Amino acid sequence: TELITNVSHALKTPLTSIVNYVDILSKQDIKPDEAKEYVDVLVRQSQRMKKLIDDLVEASKASSGAIPVNFERSDMTLLLTQAVTEYEDKYAKARLTPVFDVSSKPVPVMIDGRLMWRVLDNLIGNICKYAQPDTRVYISETETNNTVTVVFKNVSKYPLNISSEELMERFVRGDSSRSTEGSGLGLSIAKSLTELMQGTFQIFLDGDLFHVEVMFPHYQEQQEKMEKEV
């Protein structure tokens, strides 16, 4: 019931805008410049609805385990480097300075590279949206004999006035008083996808410091575990 209520509320805002502007365009004699402005709103709000629905479908599939997982040996260092490089322009636009600390050699993990890219894309995208401008963001990788851990740290531009557990629930976006665009599903999707790949996903909040840890068994240990299960 709570999920349906939240989905209905999230969809209602852009839908109401679309309905109202379509009504204006269909009933009034509007100048070309005004019409273009209204059409721009329609395009923006319809794209927002599409993103929300896509995220909702993905969140549903991820949380129910309905997404196939193709485990393969992957290099976490390479994936992280590619993801951070992909976001260089967005970091600059958000006035953020990335501090990147990864291994100088390949770090093998047994994961689904496609799903892991989605996890990284959600987390780094979240940083670009919600980190305080003119601050540093930290992305690091640590390797032990048993685990590989990726850590993301940034200072939030909004007060983090909820618990880490609440923040990972669907449709929650940090400061509960905000009404920003976005589905609020990114962290929930990242957590579900991580767990589908037999990893762990944790959020730690300390004042306005936002800290995420994504941990996977080391390749050798994961391979041995999967062989025993077979």
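Since the structure is predicted, the reported quantities are computational estimates derived from the model, not experimental observations.
Residue Glu86 qualifies as open at atom CD: its count of foreign heavy atoms under 6.0 Å is 12 or below. Within a 6.0 Å sphere centred on CG of Asp134, other residues, nucleotides and ligands contribute more than 12 heavy atoms. The local environment of CG in Asp23 is crowded, with over 12 non-hydrogen atoms from other residues, nucleotides or ligands closer than 6.0 Å.
In terms of heavy-atom proximity, Gln45 sits nearest to Ser17 at CG-OG, 3.6 Å. Between Trp117 and Leu79 the shortest heavy-atom distance is CZ3-O, 4.0 Å. For the pair Tyr158 and Asp208, the tightest heavy-atom approach, listed with the atom from each and the gap, is O-OD1, 4.1 Å. Closest of all the heavy-atom pairs between Pro133 and Leu96 is CA-CD2, 4.2 Å. The shortest heavy-atom contact between Phe71 and Leu196 is CZ-O, 3.9 Å. Considering every non-hydrogen atom in both Val84 and Tyr91, the closest pair reads O-CE1, 4.2 Å.
The closest side-chain heavy-atom distance from Lys105 to Glu143 is below 4.5 Å. Using a 4.5 Å cut-off on side-chain heavy atoms (C-beta onward), Leu78 and Val107 make no contact. Between Phe152 and Asn154 there is no side-chain heavy-atom pair separated by less than 4.5 Å. By the 4.5 Å heavy-atom criterion applied to side chains, Phe100 and Leu80 are counted as neighbours. The shortest side-chain heavy-atom distance between His218 and Pro108 falls under the 4.5 Å cut-off. Taking the side chain as every heavy atom from C-beta outward, Ile139 and Val99 never approach each other to under 4.5 Å. When side chains are defined from C-beta on, Leu15 counts as touching Met49, because their heavy atoms get closer than 4.5 Å. For the pair Gln198 and Met110, the minimum side-chain heavy-atom distance is 4.5 Å or more.
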Worked check of side-chain contact (heavy atoms from CB on, under 4.5 Å) between Asn126 and Phe210: CA-CA 11 Å; Asn126 191 71; Phe210 182 77; 3.8 Å; yes
Step-by-step side-chain hydrogen bond (donor to acceptor under 3.5 Å, both in side chains) determination, Thr77 to Glu141: CA-CA 8 Å; Thr77 301; Glu141 171 192 53; 2.9 Å; yes
Residues Phe201, Val212; criterion side-chain contact (heavy atoms from CB on, under 4.5 Å); working and verdict: CA-CA 7 Å; Phe201 186 101; Val212 176; 3.8 Å; yes
Pair Met76-Val150, side-chain contact (heavy atoms from CB on, under 4.5 Å): steps then yes or no: CA-CA 9 Å; Met76 184 63 79; Val150 181; 3.9 Å; yes
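Looking at Asp112, its side chain does come within 3.5 Å of a backbone N or O of Asn70 through a donor-acceptor pair. Ser156 contributes no side-chain N or O that, together with a main-chain N or O of Pro159, makes up a donor-acceptor pair within less than 3.5 Å. Side chain of Thr135 to backbone of Gln132: a donor-acceptor contact under 3.5 angstrom is found. A side-chain donor-acceptor contact under 3.5 Å links Lys157 to the backbone of Lys129. The backbone N or O of Asp121 lies less than 3.5 Å from a partner atom in the side chain of Tyr87, making a donor-acceptor pair.
In this structure, CD1 on Ile111 lies 9.5 Å from OG1 on Thr194, to the nearest 0.5 angstrom. Rounded to the nearest 0.5 Å, atoms OG (Ser74) and CZ (Arg114) are 12.0 Å apart. A distance of 6.5 Å separates CG of Leu123 from CG of Leu187, quoted to the nearest 0.5 Å. The CD1 atom of Ile189 lies 11.5 Å from the CG atom of Leu115; values are rounded to the nearest 0.5 Å. For the atom pair OG1 (Thr149) and CG (Asn146), the distance works out to 10.5 Å, reported to the nearest 0.5 Å. With rounding to the nearest 0.5 Å, the separation of CD1 in Ile127 from NZ in Lys90 is 13.0 Å.
The hydrophobic cluster containing Ile67 also contains Val119, counting ILVMFWY residues as joined when their side-chain heavy atoms lie under 4.5 angstrom apart, directly or transitively. A continuous path of Ile, Leu, Val, Met, Phe, Trp and Tyr side chains, each step under 4.5 Å between heavy atoms, connects Val19 with Val41, placing both in one hydrophobic cluster.
Residues satisfying the side-chain contact (heavy atoms from CB on, under 4.5 Å) test with Leu42, not counting sequence neighbours, are Ile18, Tyr21, Val22, Leu25. Taking Phe204 as the reference, His211 meet the ring-ring contact (aromatic ring centres under 6.0 Å, His included) condition, with sequence neighbours excluded.
Salt bridge absent: Arg44 and Asp40 never bring a charged side-chain N and a carboxylate O closer than 4.0 Å.
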